[in-house]
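See structure below.
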There are 4 protein chains.
Amino acid sequence: MEFDSHLPIYMQIMHVIKNRIVSGQLRGGDKLPSVRDLAKEFKVNPNTIQRCYQELERENLVFTQRGLGTFVTEDLEAIKTLKTKMAHELTQNFIEQMKKLGFAPQEIIKIISDRINRRHDDE
Amino acid sequence: MEFDSHLPIYMQIMHVIKNRIVSGQLRGGDKLPSVRDLAKEFKVNPNTIQRCYQELERENLVFTQRGLGTFVTEDLEAIKTLKTKMAHELTQNFIEQMKKLGFAPQEIIKIISDRINRRHDDE
Amino acid sequence: MEFDSHLPIYMQIMHVIKNRIVSGQLRGGDKLPSVRDLAKEFKVNPNTIQRCYQELERENLVFTQRGLGTFVTEDLEAIKTLKTKMAHELTQNFIEQMKKLGFAPQEIIKIISDRINRRHDDE
Amino acid sequence: MEFDSHLPIYMQIMHVIKNRIVSGQLRGGDKLPSVRDLAKEFKVNPNTIQRCYQELERENLVFTQRGLGTFVTEDLEAIKTLKTKMAHELTQNFIEQMKKLGFAPQEIIKIISDRINRRHDDE
DNA sequence: GTGGTCTAGACCACA
DNA sequence: GTGGTCTAGACCACA
């Protein structure tokens with residue numbers, strides 16, 4: 001068993017930014033908020049954001065230009081790949097959890113379909 | 001933003017036990033491990049398990065008999081209700097996340113179906 | 001504050017026997033159960049019952065005859081006095097508690113009357 | 001027989017606090033003492049008070065605000081209901097005890113009335 | 001400062 | 001052996 005699964009904050013923020021990129025809120029070439037601004041928005045230490053941007057750059061999802069700021073990669077293929085990968089992880093995880101609850105694969109599809117095809121999306 | 005969503009350990013363990021009940025690993029009337037044994041298994045303090053069992057009892061998923069132990073409820077209807085509720089939460093959460101990635105409802109169904117209908121379940 | 005108000009068991013048993021005497025279950029001159037029998041009935045050590053009978057004798061509510069056993073006093077006046085005293089204590093205590101809850105004296109009378117005059121005694 | 005009916009300390013303290021709420025010493029919205037302060041006042045471990053406040057919250061008699069403290073519910077109806085319930089329990093219990101002493105219902109009313117209508121409240 | 005969780009360890013009643 | 005309570009004391013997030 002693994003308790004205390006507590007992801008480091010910089011990784012949590014990376015995830016948020018990846019979400020924004022993948023969903024198109026941030027597009028290829030867009031400027032990311034400055035380290036200081038994002039630190040304020042998330043109420044964390046600027047170092048945390050700094051680390052976050054560094055790691056995103058290492059994954060080639062953003063690039064920095066000295067004196068100008070940090071920008072979303074213009075490699076749209078990379079973004080698409082990321083989107084696929086993130087979707088895959090979510091899906092994998094979801095299916096695994098549902099199986100743990102004792103649902104068979106076909107049941108899972110049915111539950112999802114039913115949930116999505118309801119006329120009014122509650123919430 | 002919400003970082004550090006660290007669920008208390010006793011709740012995480014409640015979740016594990018609910019999974020076992022809902023999936024049928026633990027059936028109505030079955031004895032749960034003793035507080036001390038489960039504490040060893042999960043490497044936590046017995047008080048933490050105690051708290052966990054108490055909360056599960058409060059939710060009418062288990063009942064205790066002084067001097068004998070803690071047992072899974074025999075109210076099968078309650079177990080079924082729990083299973084439905086847990087499935088609903090997982091599904092809700094999954095859909096929400098996928099939407100954040102920018103997927104449309106019908107795409108989500110397709111992704112799940114494709115994933116499930118692949119001939120060989122990888123891993 | 002006083003927690004752990006835990007009366008000694010011999011006193012609790014004295015109380016039970018006084019109840020039996022005062023209510024007429026045990027009458028003046030009746031033989032009390034033997035120390036051994038009562039110890040069994042209450043699942044306590046015979047010494048505890050011994051102590052209990054001793055104290056009751058000191059209060060002149062019972063008397064012992066060597067070789068014969070322990071008997072309820074034949075002083076009916078003493079029994080009546082005991083009954084009055086016990087009733088007084090209960091009543092005093094009850095009123096005090098009700099006042100702590102914020103009820104005025106006249107309200108207390110009303111509540112008791114209403115409760116007693118209900119057609120069917122529930123329970 | 002039931003000896004040693006020793007209520008857990010946290011329940012005894014719950015009872016004290018309920019008394020304070022019901023009698024109006026603590027009113028809707030009032031802040032309760034902090035866990036640590038009450039622990040000192042009652043000379044018990046803070047965990048015991050913690051448990052107490054938690055149970056009171058579960059009964060919707062208090063609510064907590066993270067970082068601020070614990071407060072009496074503002075649902076005055078709930079307080080009134082509690083008062084009625086506590087009075088009922090006391091009364092029920094009192095009548096039962098008096099019956100055990102051998103008093104008839106009408107006698108009980110008379111004893112209470114006499115006790116209350118005495119000109120000077122002794123003690 | 002405030003409540004919430006957790007550990008380590010003791011002692012209890014019940015069976 | 002089983003759960004239930006309690007102490008002593010630590011550390012945490014939130015304000």
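Letters go in sequence order (proteins before strands), and every chain restarts at 1.
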Output yes when at least one side-chain N/O atom of [X] is less than 4.0 Å from OP1 or OP2 of [N], else no.
X     : N     : result
D/T70 : E/dT2 : no
B/Y10 : E/dT5 : yes
B/R51 : E/dT5 : yes
B/Q50 : F/dG3 : no
B/S34 : F/dG1 : no
D/T64 : E/dT2 : no

Nearest-nucleotide 5' precedence on DNA chain F, B/K31 against D/T48: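 Its nearest nucleotide being more 5', the pick is B/K31.
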SB check B/E96 B/K99 (cutoff 4.0 Å):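 Judged by the 4.0 Å cut-off on N to carboxylate O distance, B/E96 and B/K99 do not form a salt bridge.
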Spacing between B/M11 atom CE and E/dC6 atom C1', to the nearest angstrom: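 Rounding to the nearest Å, CE of B/M11 and C1' of E/dC6 are 14 Å apart.
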Whole-Å gap separating P (E/dG3) and CG (D/L56):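 Taking atom P of E/dG3 as the reference, CG of D/L56 is at 13 Å.
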Backbone N/O of B/N19 and side chain of B/S23: donor-acceptor pair under 3.5 Å: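 Yes; judged by distance alone, with no hydrogens or angles, the pair exists.
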Any donor-acceptor pair under 3.5 Å from B/N93 side chain to B/L90 backbone: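 Here the side-chain-to-backbone pair does not exist.
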Per B/E57 side chain, nearest of listed nucleotides E/dG3, F/dG4, E/dA8: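 The nucleotide sitting nearest to the side chain is F/dG4.
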F/dT5 - base-pair partner by Watson-Crick or wobble geometry, distances under 3.5 Å: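 By the stated definition (distances under 3.5 Å), E/dA10 pairs with F/dT5.
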Looking at the base of [N], is there any donor atom on it, or on the side chain of [X], that sits under 3.5 Å from an acceptor on the other one?
X     : N      : answer
D/N45 : F/dG9  : no
B/R36 : F/dG3  : yes
B/R66 : E/dA13 : yes

Test side chain to side chain contact (heavy atoms under 4.5 Å, CB included) applied to B/I79 and B/V72, step by step: CA-CA 9 Å; B/I79 294 178; B/V72 177; 4.1 Å; yes
